[in-house]
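Right, one structure below, let's go through it.
Just so we're on the same page: letters track the sequence lines, and every chain starts at 1.
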2 protein chains.
Amino acid sequence: MELLDRKYRILQAIIDDYILTALPVGSRTISRKYEQKLSSATIRNEMSDLEDLGYLDSPHTSAGRIPSNKAYRLYVDQMLQPFPLSVEDIAYIRSCFDTRSHQIEQISMRLARAISGMTNYTTAVMTRMPRDDQKLSHMQLVPVADRRVILILVTENGAVTQTPVDLDAAIDPDVLYTVSKFLSKRLEGVPMSKLHQSLIDIAAGEPEEMSKLLRTLAAQDDESPDVGSIVVGGRSNLLSYPEYSDVEKARNLLSVLETKDKMISLLNTHGEMEITVRIGPETGMEELKDCSVVTASYRMRDGRVNTIGLIGPTRMQYGKVLSVLNQVGRSLYELLDAQDDEQR
Amino acid sequence: MELLDRKYRILQAIIDDYILTALPVGSRTISRKYEQKLSSATIRNEMSDLEDLGYLDSPHTSAGRIPSNKAYRLYVDQMLQPFPLSVEDIAYIRSCFDTRSHQIEQISMRLARAISGMTNYTTAVMTRMPRDDQKLSHMQLVPVADRRVILILVTENGAVTQTPVDLDAAIDPDVLYTVSKFLSKRLEGVPMSKLHQSLIDIAAGEPEEMSKLLRTLAAQDDESPDVGSIVVGGRSNLLSYPEYSDVEKARNLLSVLETKDKMISLLNTHGEMEITVRIGPETGMEELKDCSVVTASYRMRDGRVNTIGLIGPTRMQYGKVLSVLNQVGRSLYELLDAQDDEQR
DNA sequence: GTTAGCACTCGATGGACTTGAGTGCTAACA
DNA sequence: TGTTAGCACTCAAGTCCATCGAGTGCTAAC
């Protein structure tokens with residue numbers, strides 16, 4: 001078992017070094033920098049074993065070794081050492097939330113920027129609003145022009161959506177207010193996913209004019225999307241890694257970041273409150289076969305789910321990335337708790 | 001004058017060819033492809049003159065010539081030939097506007113994508129809301145939680161802004177509605193830029209509770225920004241040009257696209273309804289010294305100003321780009337007119 | 001089991017040479 | 001006087017080749 005432990009240490013050293021330098025690691029490097037008790041020849045033997053076991057690849061005979069995806073997997077699952085964040089970094093993360101501005105997009109943007117800045121990878125922040133488990137608290141119609149209103153929906157846990165709606169006929173503001181109150185009473189507690197049907201049901205029992213309005217609203221509501229915004233920050237970071245000094249590779253990557261569908265499928269992890277690391281082929285996307293994607297989801301008090309995804313080369317500084325994402329979660333919940341206290 | 005005309009034609013041929021190939025153009029190329037009546041030796045003499053006049057640069061003795069920024073300037077100002085857009089392209093541009101979805105960000109996104117797709121350059125769409133010349137039509141407070149409301153401001157020409165506001169105390173929805181009506185009456189016609197002050201003035205004459213609410217609103221309103229969203233599309237296009245095969249250059253460019261301040265200063269052209277071309281140093285930004293930026297602004301019915309900016313190498317296909325931007329303007333005003341008809 | 005030693009591999013580096021696209025200049029021509 | 005053919009010259013890019021050095025694998029000795 002002692003031997004196994006040594007192999008393990010050597011593998012870890014190789015991965016650490018490769019993550020740092022992006023250069024194939026040779027036996028002498030390990031012997032000098034990491035395992036001074038052992039000669040390079042011994043390391044060589046071990047490395048040869050590790051290659052047979054599938055943890056190392058060699059680009060060609062006379063270069064060093066580079067970690068395989070299997071090695072990264074092991075590294076992420078078992079070898080990670082906690083990476084201590086600096087006080088500044090922690091403060092920086094906190095500062096993303098800790099502000100009066102409640103615009104979700106702004107917070108996402110700040111977060112994406114901050115995380116990209118600290119890690120030097122590319123960050124995507126997606127905000128989803130799963131409709132299934134959300135119930136309507138109330139709705140209000142606000143006139144903005146003769147035949148145009150904004151439909152505001154507020155759910156029981158406080159999420160707000162706004163949709164502009166064009167009407168067929170002008171309606172008096174006071175009437176709109178009355179209708180809003182009427183609908184709020186009738187629809188309170190209705191799941192958001194059933195809203196469309198409920199509106200139509202109510203429409204059936206109302207006089208023509210009212211019925212028409214309700215059907216217009218129902219039509220509008222139907223198309224409101226589950227996935228909200230996706231904000232990406234730190235794209236230019238990608239280009240600072242030698243693995244993307246090939247412009248064609250970089251272009252493919254950038255183009256993935258610009259394709260909403262692909263980003264959604266990347267960020268659409270099903271677990272919540274947990275951090276997922278996908279290495280190379282595990283991303284299920286050909287273009288990302290030498291990238292890693294780390295995602296973390298946080299469910300907000302108002303039912304929104306925020307997913308943060310970090311994209312970088314497979315030799316990513318997983319330790320730091322995970323620490324940052326953990327800290328993001330911690331700061332977020334600190335903030336939520338603080339808001340709770342405030343409201344109590 | 002005949003000579004001048006010939007020089008002119010030769011210069012145009014050189015620029016055209018260089019825009020197409022990105023390769024220094026030699027005298028033989030011109031003689032074969034563009035001016036078959038003239039021998040390469042004659043062209044050479046002319047080219048030498050053009051170099052003396054500052055329209056051409058030569059990378060080194062034995063390469064061809066490339067157009068100088070001065071040449072591009074002349075090209076854009078005088079040599080441009082109308083580039084006919086395909087029926088598909090025109091339909092594509094129309095389709096960006098012609099939809100029920102009124103979310104401004106979505107339209108911007110679609111536009112950015114469409115223009116990038118057609119031109120193969122990078123497109124930024126900025127939406128500004130100049131507050132000076134806008135007057136309030138009415139406002140409304142919509143409750144979303146115990147102590148949280150959304151402040152909705154509608155201007156006389158129909159622009160809508162929404163800001164979430166945290167209150168110090170819970171307020172009954174019916175009271176909020178009454179307050180909204182009261183404030184709308186008092187503030188109707190007040191310029192948006194004076195809104196802050198007006199709210200404070202009104203607050204002075206009201207009982208404590210009301211006064212407090214008004215001051216909270218005033219505080220919130222104060223920070224609403226002039227520049228709205230900036231949406232960028234087609235970043236990966238940049239990497240398809242040989243001028244950015246140097247990763248470092250590409251990184252600088254990408255990083256400009258990610259810096260909101262720089263983008264604002266790029267897109268903040270003062271003219272409206274006109275198209276501006278800035279070539280290399282004319283952009284006033286070191287990072288863009290071998291890029292060109294073409295911007296066009298369109299004032300919308302509701303007072304918003306949309307600025308579209310195209311970024312590409314200085315050897316940009318100016319003809320096509322200008323045609324596309326002209327078509328965008330045409331489609332936009334078609335749409336506005338159609339809406340007018342509809343509302344009549 | 002560990003290590004020193006040595007032959008071998010193979011990409012990277014750099015110099016010498018060749019190639020070819022292009023220029024500038026001169027002299028002849030219409 | 002403008003145009004052109006011809007020719008010497010320039011210079012980046014490509015090819016070939018030798019060298020270098022980091023690295024491996026294997027063997028034999030400790």
Side-chain angles (χ1 to χ4, degrees), chain A residues 1-11 13-15 17-18 20-68 71 242-243 245-246, chain B residues 1-11 13-15 17-18 20-68 71 242-243 245-246:
Chain A
M1 209 55 190
E2 204 215 330
L3 186 94
L4 236 169
D5 181 53
R6 193 175 70 181
K7 267 201 182 48
Y8 193 89
R9 278 198 338 264
I10 291 178
L11 180 57
I14 294 174
I15 301 177
D17 202 76
Y18 187 71
L20 218 66
T21 64
L23 262 35
V25 187
S27 52
R28 267 210 67 196
T29 310
I30 297 300
S31 134
R32 260 180 318 167
K33 287 212 281 183
Y34 299 90
E35 298 280 342
Q36 308 191 343
K37 301 265 173 65
L38 300 177
S39 80
S40 67
T42 312
I43 309 276
R44 259 197 309 277
N45 291 331
E46 296 288 35
M47 282 168 93
S48 179
D49 291 354
L50 284 168
E51 185 169 359
D52 290 344
L53 291 169
Y55 290 111
L56 295 180
D57 293 329
S58 41
H60 59 267
T61 341
S62 77
R65 303 293 209 304
I66 62 176
S68 68
E243 23 274 275
S245 60
D246 173 4
Chain B
M1 209 53 189
E2 204 214 331
L3 186 94
L4 236 170
D5 181 54
R6 193 175 69 181
K7 269 202 179 47
Y8 194 88
R9 278 200 335 266
I10 292 177
L11 181 57
I14 295 173
I15 301 177
D17 203 76
Y18 187 71
L20 218 64
T21 64
L23 262 35
V25 186
S27 52
R28 267 210 66 198
T29 311
I30 297 300
S31 134
R32 261 180 318 167
K33 287 212 281 181
Y34 300 90
E35 299 280 341
Q36 308 191 342
K37 301 264 172 63
L38 299 177
S39 80
S40 66
T42 313
I43 309 276
R44 262 204 298 284
N45 291 331
E46 296 289 34
M47 282 168 91
S48 178
D49 290 355
L50 285 167
E51 184 168 358
D52 288 345
L53 291 170
Y55 290 110
L56 295 180
D57 294 329
S58 40
H60 59 267
T61 340
S62 77
R65 303 288 208 310
I66 62 177
S68 68
E243 21 276 274
S245 59
D246 174 4

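Phosphate proximity of C/dA21 to B/Arg32: absent, as no side-chain N or O sits under 4.0 Å from OP1 or OP2. Taking side-chain N and O atoms only, B/Ser27 has a distance below 4.0 Å to OP1 or OP2 of C/dT23. Distances shorter than 4.0 Å separate none of the side-chain N or O atoms of B/Arg28 from OP1 or OP2 on D/dT4.
Nucleic acid contact for A/Ser58: none, since no nucleic acid atom lies under 4.0 Å from a heavy atom of the residue.
Pairing for D/dT27 is with C/dA4, a Watson-Crick or G-U wobble pair whose two hydrogen-bonding atom distances lie under 3.5 Å. In a base pair of the Watson-Crick type (N1 to N3 plus N6-O4 or O6-N4) or a G-U wobble (N1-O2 and O6-N3), with each distance short of 3.5 Å, C/dG20 is matched with D/dC11.
Checking A/Leu11, A/Ile10, A/Ile15 one by one against A/Leu56, the side chain to side chain contact (heavy atoms under 4.5 Å, CB included) holds for a single residue, A/Leu11.
With hydrogens and angles ignored, a donor-acceptor pair closer than 3.5 Å exists between the side chain of B/Ser62 and the base of D/dT10.
Distance from the side chain of B/Arg44 is smallest for C/dC25 among the nucleotides C/dC10, C/dC25, D/dC26. Distance from the side chain of A/Thr42 is smallest for C/dT2 among the nucleotides D/dG25, D/dT4, C/dT2. Comparing D/dT24, C/dT23, C/dT2 by their closest approach to the side chain of A/Arg6 singles out C/dT2.
Comparing B/Ser39 and B/His60 by the nucleotide of DNA chain D that holds the closest heavy atom to each, the one mapping nearer the 5' end is B/Ser39. Nearest-nucleotide positions on DNA chain C for B/Asn45 and B/Ala63 put B/Ala63 closer to the 5' end.
A donor-acceptor pair under 3.5 Å links the side-chain atoms of B/Ser68 to the main chain of B/Ala71, judged by distance alone.
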